[in-house]
K.L.:
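The structure that follows is given in the form of structure tokens.
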Protein chains: 2
Amino acid sequence: MSENAREAILEAAKGAAQIHGYSGINFRTIADAVGIKNASIYYHFSSKADLGAAVARRYWEDTSSVLEAIRGANPEPISCLQVYPTIFRSSLEGGNRLCLSSFMAAEYQDLPEEVKREVLAFADINVAWLAKVLSDTGLAGVEVCERRARAIYTAVAGAQLIARTRVDIGLFDELVQSYREAGLIPT
Amino acid sequence: MSENAREAILEAAKGAAQIHGYSGINFRTIADAVGIKNASIYYHFSSKADLGAAVARRYWEDTSSVLEAIRGANPEPISCLQVYPTIFRSSLEGGNRLCLSSFMAAEYQDLPEEVKREVLAFADINVAWLAKVLSDTGLAGVEVCERRARAIYTAVAGAQLIARTRVDIGLFDELVQSYREAGLIPT
DNA sequence: ACCTGAACACCGTTCAAGT
DNA sequence: ACCTGAACACCGTTCAAGT
């Protein structure tokens with residue numbers, strides 16, 4: 001149970017954060033789920049900020065791996081753009097969850113500094129990946145790709161947020177499709 | 001102070017919600033700002049949910065008025081689309097605030113039912129207005145305008161969220177400009 | 001009609017104490 | 001090394017009591 005407790009705490013905190021955001025991470029609820037007392041969490045994490053930062057860090061690291069895998073499996077950059085929104089889509093599945101870092105972006109002003117850093121890291125790796133993929137299409141220069149990458153990331157994150165309020169994955173798909181039809185996401 | 005207290009509570013709650021979201025509405029802090037005790041708020045509002053719903057309702061009502069004014073001042077629908085993002089932009093000004101209902105959308109799952117209703121109403125009046133304006137351009141049919149309206153609203157709301165995390169209004173402007181260049185927002 | 005103090009359960013955090 | 005009970009301040013809410 002030693003290294004397992006830390007792991008179980010992280011998992012429980014991630015689940016709570018995906019549904020309720022950072023402020024929804026409740027030490028007593030997590031302790032119950034793990035089978036320890038809430039004070040025991042402080043043996044593994046020095047504070048709620050520390051736990052929140054660990055959750056967010058692991059989240060963007062996992063996303064980074066997924067992005068690399070997508071690129072490895074899709075030599076065609078256009079195919080990468082086709083697949084990209086599924087990352088946000090899959091967050092919506094299974095309990096209408098929200099992409100962790102997008103969610104925390106809403107609470108941003110109230111987040112501890114160390115959590116903010118990890119949230120920004122998530123956005124950064126997404127934009128960098130998109131810019132690279134766009135650049136590989138050869139459709140535009142690096143400068144333009146950077147700008148477009150930010151626009152795509154922002155629009156898709158917004159789609160996830162809005163679709164969540166309607167509890168409607170179909171709405172997410174429709175919004176992404178509209179982005180494509182409008183020309184925001186190259187096809 | 002009778003009717004003024006209710007008004008002062010609403011104003012203070014709106015300010016808190018714009019910065020911290022629904023969960024950031026703190027009865028003791030609001031009471032201090034108004035100059036009463038926190039228990040006194042319950043004389044004017046039956047619960048935090050009631051106060052939150054009143055704040056959100058007034059917010060979308062005000063937005064609805066602004067939208068009507070924009071249409072009244074701009075006979076050209078394209079001009080309306082030019083002005084539209086400034087609603088979200090002005091929320092970012094003065095303390096990096098977030099459009100109230102967009103913000104609450106992030107906390108959506110945890111909101112009381114009566115607050116949820118008002119948050120959805122905000123999105124609805126925005127989409128309806130955009131669909132009407134798009135339809136008036138004569139560029140597409142009603143069906144397509146509905147879809148495009150949802151896409152524009154979602155993308156602009158997302159831009160506000162992301163720009164907020166970077167404390168950078170210039171980023172908001174850049175994102176909106178990218179949407180225009182990509183063809184998402186007609187120009 | 002409008003406000004208040006005192007009390008409640010809930011939450012992050014600390015700390016001395018247990019094995 | 002890992003966990004616990006008890007206590008702290010903070011928050012939404014209630015309620016009997018004040019003017």
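Just so you know, these numbers come straight off a predicted model, no measurement behind them. In what follows, chains carry the letters A, B, and so on, assigned in the order in which the sequence lines appear, proteins first and then strands, with residues in each chain numbered from 1.
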K.L.:
Restricting to nitrogen or oxygen on both sides, can you table the protein-nucleotides 17-19 of chain C pairs closer than 3.5 Å?
P.N.:
none

K.L.:
Evaluate A/Phe45 against A/Leu10 for side chain to side chain contact (heavy atoms under 4.5 Å, CB included), listing each step before the verdict.
P.N.:
CA-CA 10 Å; A/Phe45 298 94; A/Leu10 264 173; 3.8 Å; yes
K.L.:
One thing to verify: whether A/Arg57 and A/Glu114 come together as a salt bridge, which I'm taking to mean a side-chain N less than 4.0 angstrom from a carboxylate O.
P.N.:
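Salt bridge: no.
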K.L.:
With both distances under 3.5 Å as the test, what is the Watson-Crick or G-U wobble partner of D/dA1?
P.N.:
C/dT19
K.L.:
The side chain of A/Ser40 is closest to which nucleotide in this list: D/dT4, C/dT4, D/dT13?
P.N.:
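Closest nucleotide among those given: D/dT4.
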K.L.:
Under a 4.0 Å threshold between the charged nitrogen and the carboxylate oxygen, would B/Lys132 count as salt-bridged to B/Asp136?
P.N.:
yes
K.L.:
Between the main-chain N or O of A/Gly170 and the side-chain N or O of A/Asp168, is there a donor-acceptor pair closer than 3.5 Å?
P.N.:
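Here the side-chain-to-backbone pair exists.
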K.L.:
Would you call A/Glu143-A/Arg147 a salt bridge at under 4.0 Å N-O?
P.N.:
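Salt bridge flag = no for A/Arg147 with A/Glu143.
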K.L.:
Measure from CG on B/Asp50 to P on D/dT14 and round the result to the nearest Å.
P.N.:
12 Å
K.L.:
Salt-bridged, B/Asp173 to A/Arg150, with N to O below 4.0 Å?
P.N.:
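The answer is no: the pair does not qualify as a salt bridge.
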K.L.:
Starting at CD1 of B/Ile41 and ending at P of C/dT4, how long is that distance when rounded to a whole Å?
P.N.:
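Whole-Å distance recorded here is 11 Å.
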K.L.:
Side chain to side chain contact (heavy atoms under 4.5 Å, CB included), that's the test. Do B/Phe172 and B/Arg164 meet it? Break it down for me.
P.N.:
CA-CA 8 Å; B/Phe172 177 80; B/Arg164 197 177 114 109; over 6 Å; no
K.L.:
With the side chain of B/Tyr43 defined as its heavy atoms from C-beta on, choose the nearest nucleotide among C/dT13, C/dC3, D/dG5.
P.N.:
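Output: C/dC3.
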K.L.:
Looking at B/Thr137, B/Ile78, B/Val133, which hits side chain to side chain contact (heavy atoms under 4.5 Å, CB included) with B/Pro186?
P.N.:
B/Ile78
K.L.:
Which whole-number value in Å describes the distance from B/Arg28 CZ to C/dC3 C1'?
P.N.:
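One finds 16 Å between C1' of C/dC3 and CZ of B/Arg28, rounded.
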K.L.:
Tell me: CG of A/Asn4 to P of D/dC2, nearest whole Å?
P.N.:
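About 11 Å, once rounded to whole Å.
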K.L.:
Checking contacts here: which listed nucleotide (C/dG12, D/dT13, C/dC3) is nearest the side-chain heavy atoms of B/Ala5?
P.N.:
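Looking only at heavy atoms from C-beta outward on B/Ala5, the closest nucleotide is C/dC3.
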K.L.:
Out of D/dT14, C/dG12, C/dA1, which has the shortest distance to the side chain of B/Ala39?
P.N.:
D/dT14
K.L.:
Check every strand shown and say whether B/Ile25 touches a base, only sugar-phosphate, or nothing at a heavy-atom separation below 4.0 Å.
P.N.:
sugar-phosphate
K.L.:
With sugar-phosphate meaning primed atoms plus P, OP1 and OP2, does B/Asn26 contact a base, only sugar-phosphate, or nothing at under 4.0 Å between heavy atoms?
P.N.:
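Sugar-phosphate only.
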K.L.:
Looking at the side chain of B/Tyr42, which of C/dT4, C/dT13, D/dT14 is the nearest nucleotide?
P.N.:
D/dT14
K.L.:
I need the CG-P distance between A/Asn38 and D/dA6, as an integer number of Å.
P.N.:
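So the two atoms are 13 Å apart, to the nearest Å.
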K.L.:
Could you tell me how far apart B/Ile9 (CD1) and D/dG12 (P) are, to the nearest whole angstrom?
P.N.:
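About 13 Å, once rounded to whole Å.
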K.L.:
Please compare A/Gly35 and B/Ser47 by the position of their nearest nucleotide in DNA chain D and report the one closer to 5'.
P.N.:
A/Gly35
K.L.:
Give a yes/no on whether any side-chain N or O of A/His44 is located under 4.0 angstrom from OP1 or OP2 of D/dA1.
P.N.:
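Result: no.
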K.L.:
If pairing requires Watson-Crick or G-U wobble contacts with both distances under 3.5 Å, which nucleotide is the partner of D/dC10?
P.N.:
none
K.L.:
OP1, OP2 of C/dC3 versus side-chain N and O of B/Lys37: anything below 4.0 Å?
P.N.:
no
K.L.:
May I have the distance from A/Asp32 (atom CG) to C/dG12 (atom P), rounded to whole angstrom?
P.N.:
12 Å
K.L.:
How long is the line joining CZ of B/Phe45 and P of D/dG12, in whole Å?
P.N.:
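Result: 15 Å.
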